[in-house]
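First the proteins, then the strands, lettered A, B, ... as listed; each starts at 1. Since we're looking at a predicted model, the values are computed, not measured. In what follows, every heavy atom counts, from backbone to side chain, and hydrogens, waters and symmetry copies are set aside.
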Amino acid sequence: MLDPRRIRSEAETLAGKLAKKKFTLDVAYLGDLDARRKEIQLAAEALQNERNSRSKEIGKAKQEGRDVSEILRTMSDLKSRLEESQRQLQVLQDEFRDYLLGVPNVPADEVPEGDGEAANRLESEWGHPPQFDFPVKDHVEIGAGLAAGTGEALDFAAASRMTGARFVVMQGPVARLHRALGQFMLDLHIREHGYTEINVPFIVNADSLVGTGQLPKFAEDQFKLQGKQDFYLIPTAEVPVTNMVRDRILDASELPARWVCHTPCFRQEAGGYGVDTRGMIRQHQFEKVELVQITRPEDSATALEELTGHAERVLQLLELPYRKVALCGGDLGFSANFTYDLEVWLPSQQCYREISSCSNFDEFQARRMQARWRNPASGKPEFVHTLNGSGLAIGRTLVAILENCQDAEGGVGVPRALRPYMDGVERLE
RNA sequence: GGAGGGGUGGCAGAGCGGUUUAAUGCACUGGUCUUGAAAACCAGCGAGGGCGAAAGUCCUCCGAGAGUUCGAAUCUCUCCCCCUCCGCCA
């Protein structure tokens with residue numbers, strides 16, 4: 001959420017910045033709303049003040065044994081006027097807040113202008129797409145060809161029978177490779193990058209989703225549970241982990257907080273009908289190792305560079321060719337102020353596909369969550385900055401390994417870094 | 001699922017219709033003392049918001065929401081969360 005005071009004092013500037021994100025801030029509407037709010041609030045508070053002082057008078061008079069019926073008579077009129085203005089104020093404040101919850105974060109000045117993927121700025125490339133002297137298979141074919149006992153190592157048909165479209169069953173060596181990836185990533189970030197491992201609920205309440213920005217605007221992308229309470233399956237570990245600091249005032253010594261978390265992620269993919277329908281690129285359920293950092297405001301820009309580097313390190317150790325891009329305004333997510341995407345090379349598609357998204361949300365999520373720290377310089381609670389990035393999406397990493405490490409016989413070479421997690425197995429066949 | 005007990009400022013913890021402007025302690029900040037520190041003593045110290053150039057001033061907040069009342073941390077209802085015991089259970 002943006003600072004309401006900034007909305008009031010520099011609406012035009014914000015509107016200009018938000019245009020980069022293809023969002024039109026309705027400055028006239030907000031101005032009008034605020035003018036009415038101001039008027040009603042002044043009236044309401046004056047009436048409250050009057051009620052308070054008269055009530056005190058009654059208390060005093062009663063104690064002194066005086067008659068209060070005279071004062072009491074004037075109170076009923078005051079009460080109804082007060083209730084009416086409080087009701088009006090509530091309506092206006094709710095309207096203002098509802099609008100604000102739907103306004104995206106302001107993009108950083110360094111964010112490239114542009115509408116879609118093509119406008120993203122290439123930052124760097126690592127490795128070289130492999131050359132094959134045989135017809136390249138995609139991961140669906142490779143997975144079907146690997147030995148797995150009963151059924152296929154990657155079995156989309158079985159998943160569609162037991163559940164439906166956009167799910168997958170993994171068996172045997174592929175299931176193991178998948179598990180190895182999660183372990184490998186966790187260990188790397190814990191041992192070498194200074195993250196604390198954390199295990200969180202896979203179900204969260206609506207407030208948590210509002211906090212990180214998935215609600216209210218993206219309700220149709222979430223899996224909502226049946227039942228009395230507003231519970232949702234997490235779309236990413238970002239939600240529970242970032243909400244670790246909800247409603248807290250952290251001590252300066254607790255920052256930065258760095259968490260790494262391996263969870264399943266559940267997404268309705270409501271906006272993705274018809275795209276990536278083949279294979280496990282876009283599923284309703286996938287696993288991800290997520291990096292989350294909570295920092296002091298002045299540290300978040302550096303932290304994003306570091307965090308992105310931590311995610312890149314996974315790709316490098318797995319020897320997967322990738323590139324890093326800075327998302328343009330049109331591609332930037334709702335809550336982000338700046339995002340690097342890491343894209344891995346997929347031989348079957350002859351292009352780079354997103355495998356990690358690393359973002360700085362500055363104080364946008366913190367304000368929604370009321371996540372603060374006590375700044376020793378001011379002695380006051382101030383909003384923290386939040387960041388996160390995939391390190392990495394496990395399903396897509398599996399796809400990348402199957403495709404990039406395939407050989408002419410239909411086998412798959414296991415990247416060196418994963419072999420300790422695979423009992424030394426060097427090749428799946 | 002059943003029966004109880006609770007949710008109060010950064011933390012602990014009193015208050016259970018009207019001088020509550022929420023006691024007290026801890027923590028924190030400043031000062032006195034000290035070669036320095038500790039201790040002791042003195043003082044300050046919650047959050048959010050409105051108006052205002054500022055000084056300041058007003059409003060809101062005692063888990064959440066609704067209600068009773070001239071007036072609610074305090075009474076009533078609903079919900080959420082935590083603790084103890086019993087039952088069930090991986």
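- A/Glu57 comes within contact range of no nucleotide atom at all, as no heavy-atom separation falls under 4.0 Å.
- Side-chain contact of A/Gln365 with A/Thr386: a donor-acceptor pair under 3.5 Å is present, judged by distance alone.
- Atoms CD (A/Gln86) and P (B/U60) sit 8 Å apart, rounded to a whole Å.
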Sequence-aligned protein contact record of nucleotides 63-72 of chain B, with B where the base is within under 4.0 Å of a protein heavy atom and S where only the sugar-phosphate is: -------BS-

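- One finds no side-chain N or O of A/Lys60 lying less than 4.0 angstrom from the OP1 or OP2 phosphate oxygen of B/U19.
- Taking the charged nitrogens against the carboxylate oxygens, A/Glu382 and A/Lys380 have no contact shorter than 4.0 Å, which rules out a salt bridge.
- Nucleic acid contact class of A/Pro381 (heavy atoms, under 4.0 Å, all strands): sugar-phosphate only.
- The nucleotide B/C89 finds no pairing partner, because no Watson-Crick or G-U wobble arrangement with both distances shorter than 3.5 Å includes it.
- Place A/Gln370 and A/Glu50 on RNA chain B by their nearest nucleotides, and A/Gln370 ends up nearer the 5' end.
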The test is ring pair (Phe, Tyr, Trp, His ring centres under 6.0 Å); show your working for A/Phe266 and A/Phe202 and say whether it passes. CA-CA 9 Å; A/Phe266 303 95; A/Phe202 304 154; 7.4 Å; no

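- Comparing atom distances between the A/Gln48 side chain and each of B/C58, B/U60, B/C80 picks out B/U60 as nearest.
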Before giving the answer on salt bridge (charged side-chain N to carboxylate O under 4.0 Å, His left out), spell out for A/Glu254 and A/Arg248 the whole-Å C-alpha distance, their side-chain angles and the decisive distance to 0.1 Å. CA-CA 12 Å; A/Glu254 296 178 86; A/Arg248 288 201 55 201; 3.4 Å; yes

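- Where A/Ile249 and A/Arg37 each meet RNA chain B at their nearest nucleotide, the meeting point lying more 5' is that of A/Ile249.
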Tell me which donor-acceptor pairs under 3.5 Å the side chains of residues 165-174 of chain A have, and how far apart each pair is, sequence neighbours excluded?
residue: A/Arg166; atom: NH1; partner: A/Asp276; partner atom: O; Å: 3.3
residue: A/Arg166; atom: NH1; partner: A/Arg282; partner atom: O; Å: 3.0
residue: A/Arg166; atom: NH2; partner: A/Gly272; partner atom: O; Å: 2.9
residue: A/Arg166; atom: NH2; partner: A/Val275; partner atom: O; Å: 3.1
residue: A/Gln171; atom: NE2; partner: A/Thr150; partner atom: O; Å: 2.8
residue: A/Gln171; atom: NE2; partner: A/Glu152; partner atom: O; Å: 3.3

Evaluate A/Gln88 against A/Glu84 for side-chain hydrogen bond (donor to acceptor under 3.5 Å, both in side chains), listing each step before the verdict. CA-CA 6 Å; A/Gln88 284 178 22; A/Glu84 174 57 18; 2.9 Å; yes

